[in-house]
Chemist: 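Have a look at this one before I ask anything.
The basis for the numbers below is simple: all heavy atoms, side chains too, and nothing from hydrogens, waters or symmetry mates. Computed from a predicted structure; not experimentally measured.
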Amino acid sequence: MEDAYARSVSEVLDFFGVDSTKGLSDSQVDRHSRLFGRNVLPEENRTPFWKLVLKQFDDLLVKILIVAAIVSFVLALANGETGLTAFLEPFVILLILAANAAVGVITETNAEKALEELRAYQANIATVLRNGCFSILPATELVPGDIVEVAVGCKIPADLRMIEMSSNELRVDQAILTGESCSVEKDVDCTLTTNAVYQDKKNILFSGTDVVAGRGRAVVVGVGSNTAMGSIHDSRLLMSQEATPLKKKLDEFGSFLAKVIAGICVLVWVVNIGHFSDPSHGGFFKGAIHYFKIAVALAVAAIPEGLPAVVTTCLALGTKKMALLNAIVRSLPSVETLGCTTVICSDKTGTLTTNMMSVSKICVVQSADYGLMINEFSVSGTTYAPEGTVFDNNGQQLDFPAQSPCLHHLAMCSSLCNDSILQYNPDKDSYEKIGESTEVALRVLAEKVGLPGFDSMPSSLNMLSKHERAAYCNHYWENQFKKVYVLEFTRDRKMMSVLCSHKQMDVMFSKGAPESIIARCTKILCNSDGSVIPLTAAARAELESRFRSFGDEALRCLALAFKTVPHGQQTISYDNENDLTFIGLVGMLDPPRKEVRDAMLACMTAGIRVIVVTGDNKSTAESICRKIGAFDNLGDFSGMSYTASEFERLPAVQQNLALRRMTLFSRVEPSHKRMLVEALQNQNEVVAMTGDGVNDAPALKKADIGIAMGSGTAVAKSASDMVLADDNFASIVAAVAEGRAIYNNTKQFIRYMISSNIGEVVCIFVAAVLGIPDTLAPVQLLWVNLVTDGLPATAIGFNKQDSDVMKAKPRKVGEAVVTGWLFFRYLVIGVYVGLATVAGFIWWFVYSEGGPKLTYSELMNFETCALRETSYPCSIFEDRHPSTVAMTVLVVVEMFNALNNLSENQSLLVITPRSNLWLVGSIILTMVLHMLILYVHPLAVLFSVTPLSWGEWTAVLYLSFPVIIIDEVLKFLSRNTGLRFRFRLRKTDLLPKDRRDK
């Protein structure tokens, strides 16, 4: 029943055909169970394991590598090759792909736990009226129409419509659903609000929320998926995960690279058609196969096999850095997404605020000797921890607050006129509440004031254990005063009173709404000397003015009073609640976290807009926004602060304009949060959503990066990409800076790998065009791509963060990894790498002292060696020295190129290798590994290499070092001529670029 909140009690009962005094009959229960279903959240259809495995291979570059491995395997069989070397290349390729797939499957199977954890918020049992009798049943057996009794401490088992109040009031904590910082009062009256949101439905008890005060009866109107909690579950199921900006760029790059690879492979094969019939191949068909193998080697060279592993490793290293900043990353790609975040939609309650009601201001009457003199105190501390101090009007700390008569009586009244419990949880190392948050705030206040008569109060209390400290002062007052009788809070009185006995004196303490308490007061307690004076009309007006000013500051205000009653009185009635003595006013709020203001300023400096999203009312939310700096230097909030209903009433065009200026979005429910994220994404914003409650889960899942609080619900954490361990909004700023640095480093190592692979492609292409023997074997290319490229590329991820990384605006989502002038630069480097490798190969044949010293013409006509007389054996063309020299040149030149990537534009003389010792270490390790395959015989056989002489090493260094000089010249041009800005390609950038740039 979707509109139960708008129907009267009788209409709802008639709809389900139930008698509120008897409940449903067994036959009705069976019928309703078949009609409405069970009270459970449905299981998610999980992806089969085999589909998860296949999904990891659904990538164009991966498919090309698989085809290359299969073709290599088939050609090896066709040529009759045997042994390990024949099948090493396809085996290594498939091994790499299997490892990548395993990582992907593990990540995906661990990611989706939120739907299971959502069930933890369903109640296990319920007290149900059936066949005229109450019984306790499993909550899963509830059906619409069941009459359920609820009381303090119980979790609501389904969506219920209130039908009867069994106490003066019934209050529910529904923060996990709506984000409201205070508990909500429920009643039985129907709601007449049009387009009512969850907060407006005062007669509905939502599944999974908690009763914190009162008792009542309600009828079940929604079960399973047809509850507010069920709608969150369904919205999670319908949501698809968007690819991150870097993933999109890498996918686009993969498509681009695939086309280039296909074109070059076909070109190499076609260019050499004339060589198919060369006698050395043994026929046209075998010649075609030979050059087809060269094309396969070219494909292997062009694809950076290690790129996925290096990207994953770099992001994983980034997660470790972020963990030190208390940002725990659950999804690796989200590390990079942080770098281009343009909007943070931050939940207010529990994220920007502590979600712990705290007394922040006290107002008492100091004296009336020379006219009424009001004194205000401020109280520090923003959590339930009994840690904080009291300050006077001038900001001076009170060393002994309990020696002030009014503060002394405030502490007594706060402790005794109170039904809540404050306790320490050692497992979570935090103080927790049981009961109303406003009452717990008063208990914490009593602890901060301390006890009278002790010179070391309240500082000496810090010597106690946290368990003892939680309620030490409260227990003291409860031991001094015995509670005799309690008058519960009622809506018409708006106050609560308790009769206490102390030795030969009986006292009634009262607390409640200021207008109700002050109206019943006739006297005032003076803070200067503890005297009691009459409450005059002028004093009453002044006190009423003060509590209204508390309201202007969005403080929840309570007044406290006491009255001495005749000794021996055992009961009190409403008639006794008059002639009270006014003690003081306390103002409390869900306080903002102290570090949030600086974090907000840092976001603004970094070009990141923050939108505060809350279920609280507009005025309270605006007050918090003022405190945290969201409305700094603004007198008028129009166009920046909207309630959900106000925003929905706007025409579509005005909604788009409002989204561009919005800073506060209040009175929202879960669907509004998701709608806000989608609307911002439609404007090409990269959206980060923070939250901690069950109500935040759909929006966290939908956002480009969902950020949950460490103290939040398990549902929110599982729906998020990142968890803030310290619940500190400021940690987001540090994480964004780290995300930007990681992206910059990611670009550097991607560019490094691209230039390296360009070099390999140029090497094979030039060798094929010149008609010289194969320069590098496919297995050698694999070794270079995976080991000698991979280690330095990973180490580049340790490049230091730029000092001004948070002063730049967020990068555009469509920004290509490599474009324009940068691509030209790395093309130049890549061409040199390829030419140097070919030059090393030719050098050994033509100039090396240990080589045959052939002429260039003899080298190009190597295929006809067997058909003519030569002064050298034809087996010289199968010697492993030339390919070893070429491979070593390729490795060493790429090590020098890795040093070039310490900075995009800064010279090596400015940013020296010392700035990244990890890179230096990786270069040393790479060279050690290369030495191993050269000088350890079994490995040398496996990779078709041989040890080099000192003369050959000298040639390698001469050919390799110029890459640093070339890149230094290109960097100089970038810094000093502005060429990088003037360089343009006529049509499009060589690497694909998203057209949706903002």
Side-chain angles (χ1 to χ4, degrees), residues 244-245 315 317-331 333-354 382 591-614 624-633 663-664 677 680 685-692 696 700 703-712 716 720-746 800-811 813:
T244 67
L315 295 178
L317 292 172
T319 64
K320 286 195 172 183
K321 292 182 184 177
M322 288 188 174
L324 298 176
L325 303 172
N326 292 304
I328 300 167
V329 177
R330 297 185 64 254
S331 170
S334 65
V335 174
E336 173 272 331
T337 308
L338 274 171
C340 56
T341 297
T342 58
V343 178
I344 298 176
C345 294
S346 177
D347 183 50
K348 178 186 76 69
T349 306
T351 306
L352 297 173
T353 66
T354 63
T382 58
R593 298 179 184 275
K594 59 185 178 182
E595 61 281 342
V596 166
R597 174 175 276 275
D598 290 339
M600 293 284 288
L601 180 60
C603 286
M604 293 175 188
T605 304
I608 301 170
R609 186 156 59 100
V610 179
I611 299 177
V612 179
V613 184
T614 179
I624 292 294
C625 285
R626 279 193 294 268
K627 291 178 184 293
I628 63 175
F631 288 150
D632 271 3
N633 304 318
T663 301
L664 174 61
V677 171
L680 288 167
E685 302 282 6
V686 179
V687 184
M689 174 75 192
T690 72
D692 62 344
D696 298 320
L700 288 172
D704 295 289
I705 174 167
I707 306 171
M709 300 297 108
S711 62
S720 67
D721 301 296
M722 190 173 85
V723 178
L724 296 183
D726 60 352
D727 289 5
N728 191 339
F729 180 82
S731 296
I732 298 174
V733 180
V736 168
E738 191 60 43
R740 291 185 175 189
I742 288 169
Y743 178 74
N744 290 339
N745 291 340
T746 302
K800 288 186 178 180
Q801 184 184 119
D802 293 339
S803 58
D804 60 350
V805 72
M806 283 301 284
K807 294 178 182 177
K809 301 299 180 186
R811 75 176 191 276
V813 178

Chemist: Roughly how far, to the nearest 0.5 Å, is the CG atom of L680 from the CD1 atom of I344?
Modeler: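 Rounded to the nearest 0.5 Å, the CD1-CG separation comes out at 12.5 Å.
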Chemist: Counting only N and O atoms by type, is there a donor-acceptor contact under 3.5 Å from the side chain of T354 to the main-chain atoms of R593?
Modeler: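 No, the answer is negative, given that no donor and acceptor are paired below the 3.5 Å cut-off.
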Chemist: Roughly how far, to the nearest 0.5 Å, is the OG1 atom of T342 from the NZ atom of K809?
Modeler: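 Taking NZ in K809 and OG1 in T342, the distance rounds to 12.0 Å.
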Chemist: Is any side-chain heavy atom of L664 closer than 4.5 Å to a side-chain heavy atom of T614?
Modeler: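 Answer yes - side chains close enough.
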Chemist: Answer yes or no: is there a side-chain heavy-atom contact under 4.5 Å between I705 and V686?
Modeler: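 The answer is no, as the side chains (C-beta and beyond) never meet within the 4.5 Å cut-off.
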Chemist: Would you indicate whether the side-chain heavy atoms of S720 and I707 approach each other to under 4.5 Å?
Modeler: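 Counting from C-beta outward, I707 and S720 never come under 4.5 Å.
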Chemist: About how many Å separate CG of L324 and CD of E738, when rounded to the nearest 0.5 Å?
Modeler: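 Answer for the CD-CG pair, E738 versus L324, is 9.0 Å.
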Chemist: Can you check whether K348's main-chain N or O pairs, donor with acceptor, with T353's side chain at less than 3.5 Å?
Modeler: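 Yes: the side chain of T353 pairs with the backbone of K348.
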Chemist: Is a donor on one side and an acceptor on the other found under 3.5 Å between the side chain of T663 and the backbone of A630?
Modeler: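 No, because the side chain of T663 does not come within donor-acceptor range (under 3.5 Å) of the backbone of A630.
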Chemist: Do the non-hydrogen side-chain atoms of E685 and D704 ever get within less than 4.5 Å of each other?
Modeler: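 No. Closest side-chain heavy atoms not under 4.5 Å.
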Chemist: Could you pull out the closest heavy-atom pair between N326 and S731, with the gap in Å?
Modeler: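 Nearest pair, atom of N326 first, then S731: CB-OG, 4.2 Å.
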Chemist: If you take all heavy atoms of I624 and P592, which pair is closest and at what distance?
Modeler: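 Closest heavy-atom pair between I624 and P592: CD1-CD, 4.0 Å.
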Chemist: Kindly say whether C340 contributes a backbone atom to a donor-acceptor pair with the side chain of R740 at under 3.5 angstrom?
Modeler: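 Between the backbone of C340 and the side chain of R740 there is no qualifying donor-acceptor contact (under 3.5 Å).
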Chemist: Side-chain contact, heavy-atom cut-off 4.5 Å: P810 with T341?
Modeler: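 They are not in contact (no side-chain heavy atoms under 4.5 Å apart), so the answer is no.
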Chemist: Show your reasoning for whether side-chain contact (heavy atoms from CB on, under 4.5 Å) applies to M689 and V343.
Modeler: CA-CA 8 Å; M689 174 75 192; V343 178; over 6 Å; no
Chemist: Any side-chain heavy atom of L352 sitting closer than 4.5 Å to one from V612?
Modeler: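 Touching, per the 4.5 Å side-chain cut-off.
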Chemist: What's the shortest heavy-atom distance between M722 and A327, and which atoms?
Modeler: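 Reported closest heavy-atom pair: SD-CB, 3.9 Å.
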Chemist: Please report the shortest heavy-atom distance between A703 and V687, naming the atom on each side.
Modeler: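 Closest heavy-atom pair between A703 and V687: CB-O, 3.6 Å.
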Chemist: Rounded to the nearest 0.5 Å, what separates atom CD1 in I328 from atom CG in D721?
Modeler: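 Between atom CD1 of I328 and atom CG of D721 there are 14.0 Å.
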Chemist: Pick from V610, L724, I628: which one makes a side-chain contact (heavy atoms from CB on, under 4.5 Å) with F729?
Modeler: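 One option only clears the test, and that one is V610.
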Chemist: Using 0.5 Å steps for rounding, measure from the CZ atom of R597 to the CG atom of L601.
Modeler: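 Taking CZ in R597 and CG in L601, the distance rounds to 9.0 Å.
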Chemist: Rounded to the nearest 0.5 Å, what separation is found between the CE atom of M600 and the SG atom of C625?
Modeler: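 Answer rounded to 0.5 Å: 7.0 Å.
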Chemist: Does either side chain, that of S346 or that of T690, offer a donor lying less than 3.5 Å from an acceptor on the other one?
Modeler: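 A pair is found: one side chain offers a donor N or O, the other an acceptor, under 3.5 Å apart.
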